[in-house]
Amino acid sequence: MDRMEVTETFAGMVLPGHMHTEESLCFASTFQFRDTDVLIATYPKSGTTWMQEILTLIYSKGDPEPAKTIPNWARAPWLEHTYFREVLQETGRPRLITTHLPCQVLTPALQKAKAKVIYVARNPKDVAVSFYHFHKMAKFLPDPGSFEDFLMRFLQGTVQYGSWFQHVKGWLSQRTELALFYITYEDLHKDLRHSVERLAEWLGCPLQPEEVQATLQHCSFTSMRENAMVNYTLISPEIMDHSQSRFMRKGTVGDWREHFSPLQNKLFHKIYQEEMGDSNLRFPWTTD
Ligand code: PPS
């Protein structure tokens with residue numbers, strides 16, 4: 001319940017003071033990664049929790065025990081959060097670490113080691129919708145106001161955690177510099193089996209068919225929605241109010257269609273083109 005109204009400004013963005021302090025952010029930016037570390041990097045609402053669950057199941061070879069008994073924030077803690085040092089586990093396995101920080105903050109530290117980075121991106125229209133609903137439930141984030149207001153701030157990059165465009169362009173510009181595996185939320189949706197197999201192979205942890213099967217089962221939306229270790233029902237309602245919106249809300253691709261007006265869609269497309277038009281990045285979505 002600490003610092004619910006406080007914000008931290010860091011690297012040109014605003015972050016919730018409830019989980020971030022100047023000290024925790026400095027610690028994150030100078031963290032000594034190990035070659036064996038695996039870092040999940042995402043802009044919020046892009047599939048972070050899904051990837052935490054997938055990696056947990058890959059490393060447990062499909063055994064659901066850790067996913068069902070340890071909260072996700074302890075299995076794959078956020079590097080920049082105040083509790084990080086307390087919960088980072090020495091399990092003898094690669095350490096799973098999560099971050100929402102932009103790449104320019106972490107690249108210097110990552111370049112000193114050979115840690116693996118998994119970057120998950122999601123259609124920014126669906127990110128904006130998911131983030132809007134999350135603002136209603138997460139009491140450490142400001143009231144989002146109307147969807148229209150929130151969407152304008154999202155497009156300007158003035159929401160908490162900063163600009164989606166800068167986040168994605170920044171991390172993906174490091175694809176050849178870092179050991180970086182790039183995947184999208186839409187890829188996970190389209191073919192979870194293939195995504196899990198590719199990830200497991202890349203991590204040097206290939207799975208037997210029955211281990212893949214168990215991973216798919218435990219990482220389904222229905223299964224994760226019921227899992228208290230990932231659906232945030234362990235958190236007090238003063239911090240996350242599930243009566244406003246569930247953390248595992250819809251889990252679909254294209255929910256933006258239920259929220260965007262034609263005018264909002266047009267503006268989004270225009271700004272997307274301005275921001276992303278000259279990047280040669282490929283995404284499984286179009287914005288028109
Ligand atoms: S956070 O707060 O940044 O950690 O949120 P994040 O985990 O990145 O994103 C939450 C959204 O991911 C959806 N989700 C899933 N979708 C499909 N299948 C599975 N297994 C799954 N797990 C999480 C979750 O429902 C949020 O999206 P929305 O669109 O709000 O439903």
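As the structure is a computational prediction, the values presented were derived from the model and not from experiment. Residues: numbered from 1 along the sequence shown. For ligands, and for the atoms within them, numbers begin at 1 and follow the listed sequence.
In terms of polar-atom proximity, defined here as any N/O pair under 3.5 Å, Gly251 does make such a contact with ligand 1. Polar contact with ligand 1: present for Trp50 (N/O pair, distance under 3.5 Å).
Across Phe268, Tyr132, Phe150, a single residue satisfies ring-ring contact (aromatic ring centres under 6.0 Å, His included) together with Phe260, and that is Phe268. Screening Tyr232, Trp78, Phe247 for a ring-ring contact (aromatic ring centres under 6.0 Å, His included) involving Trp73 leaves a single residue, Tyr232.
Distances below 4.0 Å separate heavy atoms of Cys219 from the following atoms of ligand 1: 20 (N). With ligand atoms numbered from 1 in the order given, ligand 1 contributes 20 (N) to contacts under 4.0 Å with heavy atoms of Ser220. The Gly47 neighbourhood of ligand 1 comprises atoms 6 (P), 8 (O), 9 (O), with distances under 4.0 Å to a heavy atom of that residue. In summary, the atoms of ligand 1 found under 4.0 Å from a heavy atom of Lys250, numbered by their order in the structure, are 31 (O). Each of the following atoms of ligand 1 lies closer than 4.0 Å to a heavy atom of His100: 3 (O). Interface of Pro44 with ligand 1, defined as ligand atoms under 4.0 Å from a residue heavy atom, comprises 3 (O).
Protein heavy atom at the shortest distance from atom 3 (O) of ligand 1 is Lys45 N, 3.0 Å. Of the protein's non-hydrogen atoms, Ser130 OG, 2.7 Å is the one closest to atom 30 (O) of ligand 1. Ranking the protein heavy atoms by distance from atom 7 (O) of ligand 1 puts Thr49 OG1, 2.4 Å first. Scanning all protein heavy atoms for the shortest distance to atom 8 (O) of ligand 1 gives Thr48 OG1, 2.5 Å.
The aromatic rings of Tyr83 and His81 lie perpendicular to each other, with more than 60° between the two planes, well past the 30° mark. Ring geometry, Phe140 versus His18: the interplanar angle falls under 30°, so the pair is classed parallel (tilted spans 30 to 60°). Below 30°, between 30° and 60°, or above 60°: for Tyr43 and Phe154 the angle between ring planes is above 60°, a perpendicular geometry.
In this structure, the side chains of His242 and Thr233 come closer than 4.5 Å at one or more pairs of heavy atoms.
Scanning Gln52, Glu53, His218, Arg122 for the heavy atom closest to atom 27 (O) of ligand 1 points to Arg122. Closest heavy-atom approach to atom 14 (N) of ligand 1 among the candidates Tyr185, Phe247, Trp256: Tyr185.
No side-chain donor-acceptor contact under 3.5 Å links Thr82 and His20. For the residue pair His259 / His133, a side-chain donor-acceptor distance below 3.5 Å is found, with atom types taken as modelled. Side-chain atoms of Thr98 and Gln52 form a donor-acceptor pair, as typed in the model, at a separation below 3.5 Å. A donor-acceptor contact under 3.5 angstrom links the side chains of Glu238 and Ser236, judged on distance only.
Contact analysis leaves Tyr43 out of contact with ligand 1, as no non-hydrogen atom separation drops below 4.0 angstrom. Residue contact annotation: Trp78 has a non-hydrogen atom under 4.0 Å from ligand 1. His133 does not count as a contact of ligand 1, since none of its heavy atoms falls under 4.0 Å from the ligand.
With salt bridges taken as basic N to acidic carboxylate O contacts below 4.0 Å, one links Arg249 and Asp255.
Residue-level proximity to ligand 1 for Met248 is carried by backbone and side chain together, each with a heavy atom below 4.0 angstrom.
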